[in-house]
There are 2 protein chains.
Amino acid sequence: MLSIVCNNLAMASGKATTVRARVREEMTNEIKIVARQHLGVEGANLSLRAVAREMGMASSALYRYFASRDDLLTALIVDAYNSFGEAAENADDENVQPAQRWIAVAKALRQWALNHPHEYALIFGSPVPGYKAPQDTIGPATRTVKVLGRILAANPPISRPGDEIELPPTLEQPISNIAEMIQAGALSTPAMARALAAWMHILGSISFELFGQLNNTIERREEWFEYQTRVMTQLIGLKSE
Amino acid sequence: MLSIVCNNLAMASGKATTVRARVREEMTNEIKIVARQHLGVEGANLSLRAVAREMGMASSALYRYFASRDDLLTALIVDAYNSFGEAAENADDENVQPAQRWIAVAKALRQWALNHPHEYALIFGSPVPGYKAPQDTIGPATRTVKVLGRILAANPPISRPGDEIELPPTLEQPISNIAEMIQAGALSTPAMARALAAWMHILGSISFELFGQLNNTIERREEWFEYQTRVMTQLIGLKSE
DNA sequence: GATTGTCAAGAGCAGTGCTCTCGATTGTGT
DNA sequence: ACACAATCGAGAGCACTGCTCTTGACAATC
């Protein structure tokens with residue numbers, strides 16, 4: 001039954017190399033799927049042996065596909081980043097007013113986190129002990145912020161009288177570098193800085209809720225999150241309808 | 001040599017019960033200290049056996065003092081919450097202007113997190129897998145926000161024209177409940193809501209930096225954090241200088 | 001058809017949390 | 001002062017973990 005799944009997926013992926021390569025690719029995919037499931041019920045401490053057991057193979061055989069447990073974790077992290085970024089991309093609609101655009105993306109990210117709590121914890125939670133994030137993760141990691149950058153670039157924030165807190169000169173360069181990276185180079189540095197603050201607020205707010213800090217305080221979390229995000233869009237200076 | 005340390009500390013602690021009780025109390029303290037050190041170099045996966053090894057005793061003997069590894073972790077979490085709250089309390093100076101007060105506390109919290117990264121991860125990072133936060137933690141957890149509440153209560157935020165985003169009616173009650181809890185009941189609910197958003201921004205910003213998301217982007221992190229926090233105080237409506 | 005590369009399985013090592021039992025020590029009541 | 005009870009540390013042991021190495025079976029290639 002495994003082979004059937006493998007063949008189907010191999011067909012879908014399109015890469016028509018040798019049969020062996022296709023099977024191998026499908027095996028690694030299967031492993032990641034099972035590992036993701038185990039991550040969902042077990043938490044961050046993923047057991048290779050348990051994954052192997054569920055797949056009906058010896059634990060040692062897993063090492064043909066992933067050099068170590070950290071390697072498997074890295075693969076899951078990359079996938080999580082991509083899935084997170086994809087959620088943002090799908091939620092973004094260019095035909096919507098800027099503030100609503102930002103809020104919609106933020107809500108989609110929160111919903112993704114609620115649907116994939118352990119994968120969210122994998123990328124934005126405390127780093128796993130012996131693990132060092134490899135270079136593979138920085139690409140997919142920028143995918144999400146690029147969506148936000150697109151919103152900012154398309155709708156340059158209105159200047160907000162009274163908000164002119166002088167940006168320290170030493171921060172000018174790094175902030176404008178970030179603006180370049182997310183392809184919103186036209187933004188003023190204070191606007192970019194406020195947008196970054198809003199970004200950190202989004203992640204902080206999601207983490208706060210997901211990691212249990214909101215228990216026994218606020219129950220209407222969706223509304224609370226949306227309200228907060230709307231306040232932050234006003235801080236950024238995004239026009240609202 | 002261990003007994004000497006124990007006696008000294010027992011003298012200091014003052015509780016003059018039986019010798020056995022004092023030694024026991026000091027043993028648990030000693031265990032927590034060693035565990036904290038191991039937490040610092042090893043990360044979240046704390047090894048009871050390693051702690052016991054370092055203390056020169058059998059791993060099974062540890063179970064005389066902590067019923068399980070989770071129990072030891074809980075003790076460390078409670079201590080961390082208290083230490084975190086204490087840092088906030090010490091940083092708060094009533095004779096300072098409101099915005100600067102808020103910023104000073106925020107900076108102190110960030111500094112504490114930088115000095116105790118693993119303890120910070122313990123309380124604000126992803127929850128450890130099989131662990132359920134017991135009731136013991138909610139008391140020390142509110143200690144920090146009460147400091148912020150004190151600042152808000154002593155300096156009711158000025159109303160900010162243009163920021164009147166209607167707070168959803170369903171949020172009125174929970175928000176004012178929070179205001180009550182942190183003893184800032186006089187605050188308006190929108191002001192309280194904005195302060196909460198600022199609080200989540202602080203934690204999000206610290207986590208962002210501490211968990212490595214800021215790598216290769218911003219180097220002047222102290223200035224960056226302070227700038228952001230100042231922006232947020234303006235959002236709250238705290239008077240500056 | 002023989003060779004080469006790939007794969008899964010098993011045994012084994014060092015480590016983990018945790019339980020149980022067994023002496024030894026200490027504290028307390030008579 | 002003595003006996004009883006409570007406490008404590010150590011050791012063995014169980015089931016589990018990540019990981020390595022070796023062995024044998026299979027498939028692709030020349």
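Here is how names work: the chains are called A, B, and so on, in the same order as the sequence lines, proteins then strands, and each is numbered from 1.
- Under a 4.0 Å N-O distance rule, the pair A:Glu209/A:Arg110 qualifies as a salt bridge.
- The side chain of B:Tyr63 approaches C:dC18 more closely than any other nucleotide in the set D:dC19, C:dC18, D:dA10.
- Rounding to whole angstrom units, CG of residue A:Leu73 and P of D:dG18 are separated by 10 Å.
- Judged by atom type and distance alone, A:Ser60 reaches the base of C:dA9 through a side-chain donor-acceptor pair under 3.5 Å.
- Side-chain nitrogen and oxygen atoms of A:Arg24 include at least one within less than 4.0 Å of the OP1 or OP2 phosphate oxygen of C:dC7.
- Atom CE of B:Met57 and atom P of D:dG9 are 5 Å apart (whole Å).
- Phosphate contact (OP1/OP2 of C:dT16, side-chain N/O of B:Ser47, threshold under 4.0 Å): present.
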Report task. Start with the C-alpha gap between B:Glu26 and B:Val23, add the side-chain angles, then the distance that decides, and say whether side chain to side chain contact (heavy atoms under 4.5 Å, CB included) holds. Result -> CA-CA 5 Å; B:Glu26 274 322 307; B:Val23 170; 5.8 Å; no
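- Spacing between atom CG of A:Leu48 and atom C1' of D:dC16 amounts to 13 Å, rounded to whole angstrom units.
- Nearest nucleotide to the A:Ala50 side chain, out of D:dT17, C:dT21, C:dC20: D:dT17.
- The distance between atom CG of A:Asp70 and atom C1' of D:dT17, rounded to the nearest whole Å, is 14 Å.
- Look at CD1 on A:Ile31: it is 11 Å from P on C:dC7, rounded to the nearest Å.
- The residue among A:Ser59 and A:Leu62 whose nearest nucleotide of DNA chain C is located toward the 5' end is A:Leu62.
- The nearest whole Å value for the distance from the CG atom in A:Leu72 to the C1' atom in D:dT17 is 15 Å.
- Although no hydrogens or angles enter the test, the distance criterion places a donor-acceptor pair under 3.5 Å between the side chain of B:Thr142 and the main chain of B:Gly139.
- With distances taken from any side-chain atom of B:Arg64 to the nucleotides D:dG18, C:dT21, D:dT20, the minimum falls on C:dT21.
- A close approach under 4.0 Å does occur between a side-chain nitrogen or oxygen of A:Tyr65 and OP1 or OP2 of C:dA8.
- A:Arg69 places its CZ atom 11 Å from the P atom of D:dT17, with the value rounded to the nearest Å.
- The main-chain N or O of B:Ala52 is never found under 3.5 Å from a side-chain atom of B:Ser59 such that the two would form a donor-acceptor pair.
- Distances shorter than 4.0 Å separate some side-chain N or O of B:Arg53 from OP1 or OP2 on C:dT16.
- Out of D:dG11, D:dG9, C:dA8, the shortest distance to the side chain of A:Met27 is found at C:dA8.
- Nucleic acid contact for A:Leu46: sugar-phosphate only, since backbone atoms but no base atoms lie under 4.0 Å from a heavy atom of the residue.
- Between A:Ala58 and A:Arg49, the residue whose closest nucleotide on DNA chain C is further toward the 5' end is A:Ala58.
- With ring centers used as reference points, A:Phe208 lies 6.0 Å or more from B:Phe124.
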